[in-house]
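For reference, the structure is listed below as structure tokens.
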Amino acid sequence: MVKLEIIVAPDPRLKAACEPVTVVDDEVRRLMDDMLEAMYEAPGIGLAAPQVGVTRRVIVVDVSGEDDGRQPLRMANPRLLAASEKTAVYEEGCLSFPEQFADVRRPEHATVAYLDETGTERQLEMEGILATCVQHEIDHLDGILFVDHLTSLKRGMIVRRLAKAKCVKPAGRVRA
Ligand code: NI
């Protein structure tokens, strides 16, 4: 197991468009498992490959919120087949935007097609927090972040806060 580090915004790697997976092989399965590990440790309910610096269309999700009843979903090439006109608002965060949350409106129901960890093509109808989370993760694969759904004013506030947090100089001697 490789311990994956989650990239924090602002970072150009989070804006990259990802390549489809051609075959779900051991390497892809390992990536999925390593991503789940990083996600649980964070802790979070979803993670997309570009957040760990891998530009492939892979996401993992677990909205069960339980340590002993985990229900991980491993998805390669997830794509939205259908989305309801009815929308729902959830307060979203993102492991690449630590401590930042904002209301985002998305379709309430979604049908998603994907390849599971065995390479089998699957379809899943989802609603509620799962629908929101999977749409959030699919967005990541196209370089779209949850803050891109906000007004530019709100987005600017969040991005500036993170940029500032990243630039805090560590205490101690400066080596120039
Ligand atoms: Ni995210």
Side-chain angles (χ1 to χ4, degrees), residues 2-21 31-32 34-63 65 72-80 83-84 86-108 110 112 114 126-172 174-176:
V2 184
K3 196 161 182 274
L4 298 176
E5 215 157 289
I6 298 173
I7 295 167
V8 172
D11 188 302
R13 288 173 293 177
L14 294 172
K15 303 301 287 179
C18 297
E19 295 289 326
V21 171
L31 171 65
M32 289 168 162
D34 289 343
M35 284 170 58
L36 276 170
E37 208 54 44
M39 183 193 85
Y40 287 127
E41 195 189 310
I45 61 170
L47 189 65
Q51 291 179 276
V52 294
V54 178
T55 50
R56 303 183 81 179
R57 302 188 74 85
V58 172
I59 66 172
V60 293
V61 169
D62 187 344
V63 297
L73 283 169
R74 300 164 172 86
M75 298 182 171
N77 303 342
R79 64 183 198 282
L80 210 54
S84 63
K86 192 168 180 220
T87 56
V89 175
Y90 279 93
E91 189 179 51
E92 292 188 27
C94 179
L95 293 178
S96 294
F97 290 78
E99 309 299 323
Q100 308 301 317
F101 299 92
D103 284 348
V104 177
R105 181 179 291 280
R106 299 183 188 268
E108 191 175 25
V112 173
Y114 63 98
M126 44 187 84
E127 59 180 7
I129 188 93
L130 179 61
T132 285
C133 183
V134 169
Q135 291 176 78
H136 173 124
E137 303 311 331
I138 292 175
D139 270 358
H140 271 296
L141 305 179
D142 297 310
I144 299 167
L145 305 169
F146 85 105
V147 292
D148 294 325
H149 292 278
L150 309 177
T151 62
S152 59
L153 183 72
K154 277 191 191 162
R155 179 168 57 247
M157 270 165 50
I158 289 179
V159 172
R160 268 195 306 278
R161 269 204 298 270
L162 281 179
K164 212 169 155 188
K166 264 187 153 179
C167 292
V168 168
K169 294 193 182 70
V174 174
R175 290 167 197 254

How long is the straight-line distance from CG of Leu162 back to CE of Met157, given to the nearest 0.5 Å?
11.5 Å

Is Arg155 reaching over with its side chain to a backbone N or O of Leu150, donor-acceptor style, under 3.5 angstrom?
yes

Hey, can you tell me if Phe146 and His136 have their rings parallel, tilted or perpendicular (30° and 60° cut-offs)?
parallel

Evaluate whether atom CD of Glu91 has more than 12 neighbouring non-hydrogen atoms of other residues, nucleotides or ligands under 6.0 angstrom away.
yes

Give, for atom CD of Glu19 and atom CG of Leu141, the distance between the pair rounded to the nearest 0.5 Å.
11.5 Å

Please report the shortest heavy-atom distance between Leu14 and Leu145, naming the atom on each side.
O-CD2, 3.9 Å

Any side-chain to backbone donor/acceptor pair from Asn77 onto Val21? Under 3.5 Å, distance only.
yes

Considering non-hydrogen atoms only, spot the tightest contact between Ser96 and Gln51 and give its length.
OG-NE2, 3.0 Å

If you round to the nearest 0.5 Å, how far is CE of Met32 from CD1 of Ile59?
9.0 Å

Working for side-chain contact (heavy atoms from CB on, under 4.5 Å), residues Val61 and Met75
CA-CA 8 Å; Val61 169; Met75 298 182 171; 5.5 Å; no

Minimum side-chain heavy-atom gap Tyr90-Cys133 below 4.5 Å
no

Between Leu31 and Ala49 the two heavy atoms that sit nearest each other are CD2-CB, 4.5 Å

Residues Arg106, Glu92: salt bridge by 4.0 Å N-O rule:
yes

For Ile45 versus Met39, what's the shortest heavy-atom pair and its separation?
C-SD, 3.5 Å

Arg57 bridged to Asp142 by N-O distance under 4.0 Å
yes

Rounded to the nearest 0.5 Å, what separates atom CG in Asp62 from atom CG in Leu73?
7.5 Å

Taking the side chain as every heavy atom from C-beta outward, state whether His140 and Cys94 have any pair of such atoms under 4.5 Å apart.
yes

Check: Val8 main-chain N/O paired with Asp11 side-chain donor or acceptor under 3.5 Å:
no

State plainly whether the residues Lys154 and Asp103 are in salt-bridge range, i.e. N to O under 4.0 Å.
no

Ignoring hydrogens and angles, tell me if any N or O in the side chain of Ser84 forms a donor-acceptor pair with the backbone of Glu108 under 3.5 Å.
yes

Go through it in stages, so that I can follow the logic: the residues are Glu99 and Arg161, the test is side-chain contact (heavy atoms from CB on, under 4.5 Å), and I'd like the CA-CA distance, side-chain angles, deciding distance and then a yes or no.
CA-CA 10 Å; Glu99 309 299 323; Arg161 269 204 298 270; over 6 Å; no

Going by heavy atoms in the side chains, are Ile144 and His149 under 4.5 Å from each other?
yes

For a 4.5 angstrom cut-off between non-hydrogen side-chain atoms, does Gln135 reach Pro107?
yes

Please give me the minimum heavy-atom distance between Gly143 and Asp148, naming the atom from each residue.
O-OD2, 4.0 Å

Any side-chain heavy atom of Met35 within less than 4.5 Å of one from Val54?
no

Write down the atom of Gly53, the atom of Ile7, and the distance for their closest heavy-atom approach.
N-CD1, 3.5 Å

